[in-house]
Each structure stands twice: as C-alpha cells, then as structure tokens.
Peer 1: 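If you scroll down you'll find the structure; I have some questions about it.
Source: prediction; values computed, not measured. Any value given below was found using the heavy atoms of this structure, including those in side chains, with hydrogens, waters and symmetry copies removed. Per chain, numbering begins at 1; letters A, B, ... match sequence-line order.
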Amino acid sequence: MVKIVLSFVLCFLPAFSFIFAIAGERTSLDERYEVFFRANAAYRDGYYEKAALIYEKLIRGGTVGGGIFYNLGNSYVRMNRLGKGVLNYERAKRLMPRDPDLDFNLRYARDRVKDRTEGPSSPSAFRWLHSFSTSEVFWSFVTINLFFWSFLILHLWGPSEWRFYMLIGCGLLWVLLGVSAGMKWYQETHDLSGVVIAPEIAIHAGPDERDTVLFTLHAGTVVICEREEEDWRLVQLTPERRGWALAEFIERVAMTYIGGSLCKDISR
Amino acid sequence: MVRIIFIFYCCMVLSGMFSSYDLASAEAPVSVTLKIDRTEATVADTIKLVVKIEGKKGTPVPTISGLEPFHVRQGGTSSRFQMINGRISSGIDYIFYLTPQKNGEFVIGPAEVVVKGERYQSQTVRLKVQDTASESGDRKGPLFLTASLSADTGYVGQDHIYVLKFYRARKVSDVSLVLPENDGLSFKKLGDHMEYISSQNRRNYSVIEVRYAVTADKPGSHIITPTLFKMNVLEARDGFFDDSFFGITRAKPLSIASNPIELNVKPLPEKGRPSDFSGLVGKFSLSTALTPQEVKVGASATLTAMVSGKGNARLIPDIKIPEMETVKIYADQPTLDIQTTFEGMAGTKTMKWALVPQRDGSVDIPSMSLSYFDPDMGRYLRSTSEPLTLYVLPGDDSPKAPAQAEKIDIKETVKRDVEVQGLDILSIHERPDALTPDSLERLGRWPAAGLLLTPAFMFFLLLGLRRYLRPDRVDERVRAQKKAASKFHRGIKSLKGPRQLAEMLKITNLYLNERMGLSGGSLTPKEAYDILRDKGVGEVPASEACDILSKLEASLYAGGRESEHLKQLKGSLVSVVRKIEREL
C-alpha cells in the first residue's frame, strides 16, 4: 500500500505544483475581473466600440478564456464589422469548441458572409479532434501519462496480474491519446486559416496592385493563408481560387498571431 | 468451461427462438383471402382458386360457397413459415382447380374456416364464363394477341377497362409491350399482370393478361390503335443439338399487334349538372361519423367524412363543412387513397375536422353532400350523409362569457413549425469564467513539457536507484550466478562439430562453477554432487547431475559419440540444470 501511495505521489508531484502556481495567480485575476465587468457593462449599454477596446485590452494583457473572444466577436458583429466578428468567433471556437451560444452566433455571422465557401478540412479520421480544445486533449494525455508511468513504477516492485492488465490498458490509451495530442498540436501549429476583415478585397494574380484582379472576397470569408511577401499574402479559397491580397486585409486565426495583430489593429 | 458456456448459450438462444415462435403464432390474427387466377374464362378453361389462410397452419379444409356451377378438383396445400424482422408468421394455402360447367357470371366465395370455435370468412370474387367460340373467333397460330374494352361507349372522365390477352403456345422471352398513343386518351395500368392456361380451338395456350384503365378527356369517336407486344421467339436448332437437353435455342424477334378498338365517348350532359359537380364520374358514396358524440365545453370531437367508390377517384372534391355558430372548427389535412385493382380504379378520401363547442347544449351538424355522374344510369346523382348531433355538456369551469372571448382548451394540439420572427446573435458571456484563461496557455510550453516528462523521468530515476542500491547487483559474482543458467542454455544450443562432447563438459563445469560461486576448474561428479547438496539442491537433482557428469566423462573418454546419444545427453543435461535452477 505504501508503495502504491508513494508511486502516485511521485508521479502527481508536477500536478500539485501546478495547482499551487494557479493559486498564486489569483490576485492578478481579481483585477482583471473588474475590467471584464466594465466591458460587459459597456456592451449592455450599447457602447460596442468601447466594449471591444476593453476586451482587446484584456486579451493583450495576458491569456484569456474563449468567452472573451466570443464577447469581442459579438461587439464587432454589433458594430457591423462582420470580418472581425467571424475572426474572433473562430478564435473562440478553438478554445471552447462545443459552446452552443458560440455555434449559434458563428452560424449567424457565416450566414451573412457574402461569399459562399467550404471551410478548410482536415483528414476525416481526426475530424473529431475539432470537438475538443487543445487543453482538453492535453490534460487527458497528461492524466493517462501519469497513470501509465505510475503503473510502470509499481511494476518495479514486482509484477502482479492486475497491475499487468492495468498497464496494458493504460498503455493502449496512452498511445491513442498521445497520437491525438500530437495531431491536435499539429493542427494548431499548422492552422493557416485566416479571415477577410475588410468589407471587400481584390485578389490579384501577383503581389502588386498592378497585377490582374482575379476575384474579390468579402468580409468574414475564411481563407487559407499560404505565404507572405512584404505586405502581400498568398491566399487560397479553393484550389481553383487562389491569389494575392494585401496582408492587412486578412487576419490569421491562429492564436500565436493574436498579440501582434491586435496591437497593429488598435494602433491604427 | 468455455464449451459449457457455449452449449448453455446455444440452448438459451434456441429456447428463446421457439418460445418467441409460440408467442408470435399464438398472437397472430387469422385472416382468410380467396383468389382466382383470372376474372374471365371460357368453359374449356381450368381456373386456379387459392384460399390463403394466414396466422394458422393446422386449419381444416375451408368451405367455399358458389362452386356449384363448377367441377372442382383439389390441387393440394402449401404451408408457409416466415420470419421477417423478428416476427414469425405462418399460414397455409389450399389450392383448387375449377372447370366451368356453363356460361354466365358467377360469384365465388366467401371461403369459411373455423379456428378454435371462431368463424373466419374471406371476401368474394366474380368470374365471367363465356363460350369458347365467342372468345376465339378465327384466331390461329401459336402466338396471338387480343384487345377488348369493358364497354365501347361511355362518357368523358369514365374509366373503361382495356384488356390485353397474349396467347402463346411457343416459348418466348424478353416480352415488352408498346401501348398506343391516342390523342385524348390516357392509360393507367390496373394491378399486376395475370398468367394462366386457357384452351382455344382445342389447343392449350399460356395467357398473359394485362389490364389498363382508359379514360377519355374529350367527347367523340376514339380509335384505340393496336397495342404491340415485342418478344423473342425461341426456336430449337437443327442437328445434333436439336434436343431440349442441351438447351441451345435460336431467338427470333417478333412483334404482334392487337386488334384496333373504337370507343365512342359522349360528353357529360349539361342538363341537371349540379353547381358543385367536380367532374367525378363513377359510383361514389359519402358517409360521416362523429366521435365522441358527447363532449364537454372546450373539449374536441372529431367529425369524419369519407367518400369512397369506383371511378376517377382522384377528382373527389374536398367536402365543405357548414358553418356552426357555437362551434370552432379545425380542419385536418384530407387523405386520398387510390387503389388500382383488376376491376378498375377505386378510391377513398377521408376528411377530418376537430369540433370544439363553445357552449353547452346540442349542436346540429347538418348533412353534407357530394354530386357525381353515374355513367351506367347516364345522370347526375347526389350522395348525402345523415345529419348528426353533438351533445355538449357544461365544462369544468363553465364559461359564461361570449364564445369569442373564451379561452379554449384543445386536447388535440395542432403542431406547427415554429415561426422565426427575428434574427440576432445571442448575448455575451458575463460569467467570470469567460475570463479564465485556457489552462494550457497559463501553464506555458516548458512546464507543460515538464508535466509530461516528469513521470517518465521519475520512473527511470527509480529504476536506476533500484539497480544501484540492490546489493546483489553490485556483486559481480552474484551477477554471474544469475546469468549462469542462460549462458549454459546458449552454450548448449550452439554446440556443433566433432568436439561437442568436450564442449558440453566444459559448459557444464562452467555453469556449476559460476552458479555455485566457485573459483573455477573441473569438477568430478562426486564433487559436483556434494557442492549441490551443500547449496540446498535436493537429492534427486544432485544425483542426476552426478550421473550425467559421469556419463559425459565416460562418453568423452570411452566412446559413444553417436548423434542420438549426444542428443540424449544434451536433453538430460538441460533438464537437470532446470531442476537445479528451480531448487536454488
């Protein structure tokens, strides 16, 4: 019994340290709640621009939950800035993929987008991963990882039948969740989707204003951003519809780009 | 054990199947249907009659009325047992062959059967028997086609039955039918085709009978041009293969045309045409029903009007219900059921209304009517339903206010699609957890990696410590002891060549030295025995080891190097080492 407790304590040690770290952050969170409530009040009173500025300030101030991106999306939709609205809903979707309010509003916003498109697809075997956030997949893997290694440690003290079967079970789950976590990480780091934020943009044949205009896109349309050259970005709607657009009119959804993009947007 | 479970499982499944069969067959309702293979025949024909009894297999032979004008021959029985979607059904078919004794139109049936004291009856069928001469005329040859109409005169909108009979006394394949395209006439197929044997001009033919309802939409004389039957006639080849055994035949394409028929269509008379006439031609009747006939104020009663009959039923109009002052009326969607049988087209239209009385007392529901044209009588007729009365009792909270202001409690709620009245986004998230950052984001990349790697690190750390701290791991001699057996087995396996015996002895000595922690050197069998006994090995394995060593030495120095002998020695040696390992 002592061995079992010791094994789990050793393996769960990092989890305990994480809990203590979260408790330390409590104070700074309390201050941010005040700002959050102020933004909500501004939204309720119809000051959508002010609400959006505060939500963006919160996002710049540190990592936030998907609810803030959802609220920011709502503020932009109310301001008739559909592109920014869809962009923030898409970002919120990455953090809270099963939120019914978000699904409703995103559908509402997509219905108002002028261009008819099909969203970027991922391999069908891993499509279910879109229903889970990266955090959820990560913590599931962390949990099974702890159990897996704990049973291995217990195995050091001598094998027993039940431990063997638990180890096999945990091992299978460990592989499954490990692959899922890896795939989720890949999806996130290779998320090339972007949203048109200007009301209408021209897509050129090359990265120059003088190049032929191939087609136009409208606010809220989701595209795949391929590469950048100076101020231009090569985008793809479908394999038949691709071309160059000014980078400032298309914003990447990927979270790693959030900080920089928002600063740029607010300073304008 | 597995076998016992499997047998038990099979028994359970089988018993479950049979018990469900008993239940299903016990509960299945008994029904009797009567069928004949044609509706028209000649006195020379034999008609097949089948009485189908569903739901029971062991029933007595049914009694059939109306068989007096026929010579009846029993054709045997055929039992059925079916399991469809887990439901078991069984039944029996009684087959009879009828030969008409005289001409005329006969009603056959009903067939009656008694099951457990209960009488079950079938429907009746009609059969028209005519003289052979009137049917055949001057038709000759092995293949011919006839066409006939139920009546050669009629009215616009009236259904006439167009009967095509294809007689064949030769084998044919790929039979297809090309209907005539006449302006102003429409054809609708009635039921499935029938196949039977018929006698014409003292020759037996297989007959395919197909029927269509022909309707004219304008008056005048219409010629129904010939219908074509296209087919391949199969002919046996000459020569060696001119034998049905080989089944090799030649197909010759052939088209056969029917006789043209004239149809005189009269317009529907203007005289006496009712104002509500909808173009309905045939024989129809209207009936109404009210359930329940007594309700409380605010509760609903259902008024059902049903129009059914033969003719162009698709034109049955929606019956209008008269306005009633103290009753609110909610109409249901009418349903129209069209049946196409060999006898013609028929249909039933059902209309329902929910009546919600607003005041107590009695409500008179006036009679409703339907007008149609009867082609047999050549005039317009009206079918009128009986007037009904709805008795309304005071409600639980008997309303006194006028009917318009009352709140009605309708029991049968009419479901409707939810109407969208506006479109907007949902409100913002105001709960504090909206601000709560994503836990992974807060944790950061390196701590997350640490969290994942720490358990593995802990495991390898403990593994290392365990190896380092355990004393038997430190002692080289002990390590050698542990590995001695596996080293011995590897050595024995790899033995080859002419020096096998010497190598075998060497490996055995090495094993005994390492395993017993000795300094080295060759052991005599006696020494080996003593050492093994000192180390706690039992008498038997120690003696066996001593014995083997003696044999090895004897073989090495005194001969006995045959492969069979070597193999035997190897086996004994391995066995003894295993026994020693178990005891140490």
Peer 1: For A/R44, give me all partners under salt bridge (charged side-chain N to carboxylate O under 4.0 Å, His left out), at least two apart in sequence or on another chain.
Peer 2: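 Checked A/R44 against salt bridge (charged side-chain N to carboxylate O under 4.0 Å, His left out); matches are B/E430.
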Peer 1: For A/N74 and B/L426, indicate whether the former's side chain and the latter's backbone hold a donor-acceptor pair under 3.5 Å.
Peer 2: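 Looks like yes, one N/O pair under 3.5 Å.
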Peer 1: Could you tell me which non-hydrogen atom of A/F138 sits nearest to which non-hydrogen atom of B/L443, and how far apart they are?
Peer 2: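 That would be CE2-CD2, 4.0 Å.
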Peer 1: Where is the tightest heavy-atom contact between A/L146 and B/P455, given as atom of each residue plus distance?
Peer 2: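 Scanning both residues completely, I find the closest heavy atoms to be CD2-CG, 3.3 Å.
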Peer 1: Between A/F104 and B/D424, which heavy-atom pair has the shortest distance, and what is it?
Peer 2: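 Residues A/F104 and B/D424, closest heavy atoms: CE2-O, 3.2 Å.
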Peer 1: Which atoms of B/P447 come close to chain A, meaning under 4.5 Å heavy atom to heavy atom: side chain ones, backbone ones, both, or neither?
Peer 2: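 Neither part.
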Peer 1: Any non-hydrogen side-chain atom of A/W149 less than 4.5 Å from a side-chain atom of B/L452?
Peer 2: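 Of all side-chain heavy-atom pairs linking B/L452 with A/W149, none is under 4.5 Å.
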Peer 1: With a 4.5 angstrom heavy-atom cut-off, is it the side chain or the backbone of A/L152 that approaches chain B, or both, or neither?
Peer 2: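 Backbone plus side chain of A/L152, per the 4.5 Å heavy-atom cut-off to chain B.
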Peer 1: Can you tell me if A/Y108 has over 12 outside heavy atoms packed within less than 6.0 Å of its OH?
Peer 2: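 Buried by this count: over 12 neighbours within 6.0 Å.
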Peer 1: Other residues, nucleotides and ligands only: do more than 12 of their heavy atoms fall within 6.0 Å of CZ on B/R578?
Peer 2: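 12 or below, so no.
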Peer 1: Would the number of heavy atoms belonging to other residues, nucleotides or ligands and lying under 6.0 Å from NZ of B/K352 be above 12?
Peer 2: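 Count not over threshold, so no.
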Peer 1: Drop me the distance from A/N40's CG to B/L435's CG, to the nearest 0.5 angstrom.
Peer 2: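 If I round to the nearest 0.5 Å, the distance is 9.5 Å.
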Peer 1: Given heavy-atom pairs under 4.5 angstrom as the criterion, report whether the side chain, backbone, both or neither of B/F457 touches chain A.
Peer 2: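 Neither the backbone nor the side chain of B/F457 comes within 4.5 Å of chain A.
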Peer 1: So what's closer than 4.5 Å to chain B heavy atoms on A/F148: side chain, backbone, both or neither?
Peer 2: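 Contact with chain B involves no heavy atom of A/F148 at all.
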Peer 1: Compare every heavy atom of A/N71 with every heavy atom of B/I428, then report the nearest pair and how far apart it is.
Peer 2: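 Between these two residues, the closest heavy atoms are CB-OD1, 3.2 Å.
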Peer 1: Take a 6.0 Å sphere around OH of A/Y165 and say whether it holds more than 12 heavy atoms from other residues, nucleotides or ligands.
Peer 2: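 No, not enclosed.
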Peer 1: Give every residue pair that meets the side chain to side chain donor-acceptor pair (under 3.5 Å) criterion with at least one member in residues 534-549 of chain B, sequence neighbours excluded.
Peer 2: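 Listed by first then second residue: B/Y529-B/E539, B/E539-B/S543, B/E544-B/K579.
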Peer 1: Compare every heavy atom of B/L440 with every heavy atom of A/T134, then report the nearest pair and how far apart it is.
Peer 2: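 Minimum heavy-atom contact is CG2-CD2, 3.7 Å.
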Peer 1: Which atom pair, heavy atoms only, marks the closest approach of A/D99 to B/H429?
Peer 2: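 Scanning both residues completely, I find the closest heavy atoms to be OD2-CE1, 3.3 Å.
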Peer 1: Chain B heavy atoms under 4.5 Å from A/D111: which part of the residue, side chain, backbone, both or neither?
Peer 2: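 The answer is neither part of A/D111.
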Peer 1: Need one label for A/V142: side chain, backbone, both or neither, based on atoms under 4.5 Å from any heavy atom in chain B.
Peer 2: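 Contact with chain B is through both the backbone and side chain of A/V142.
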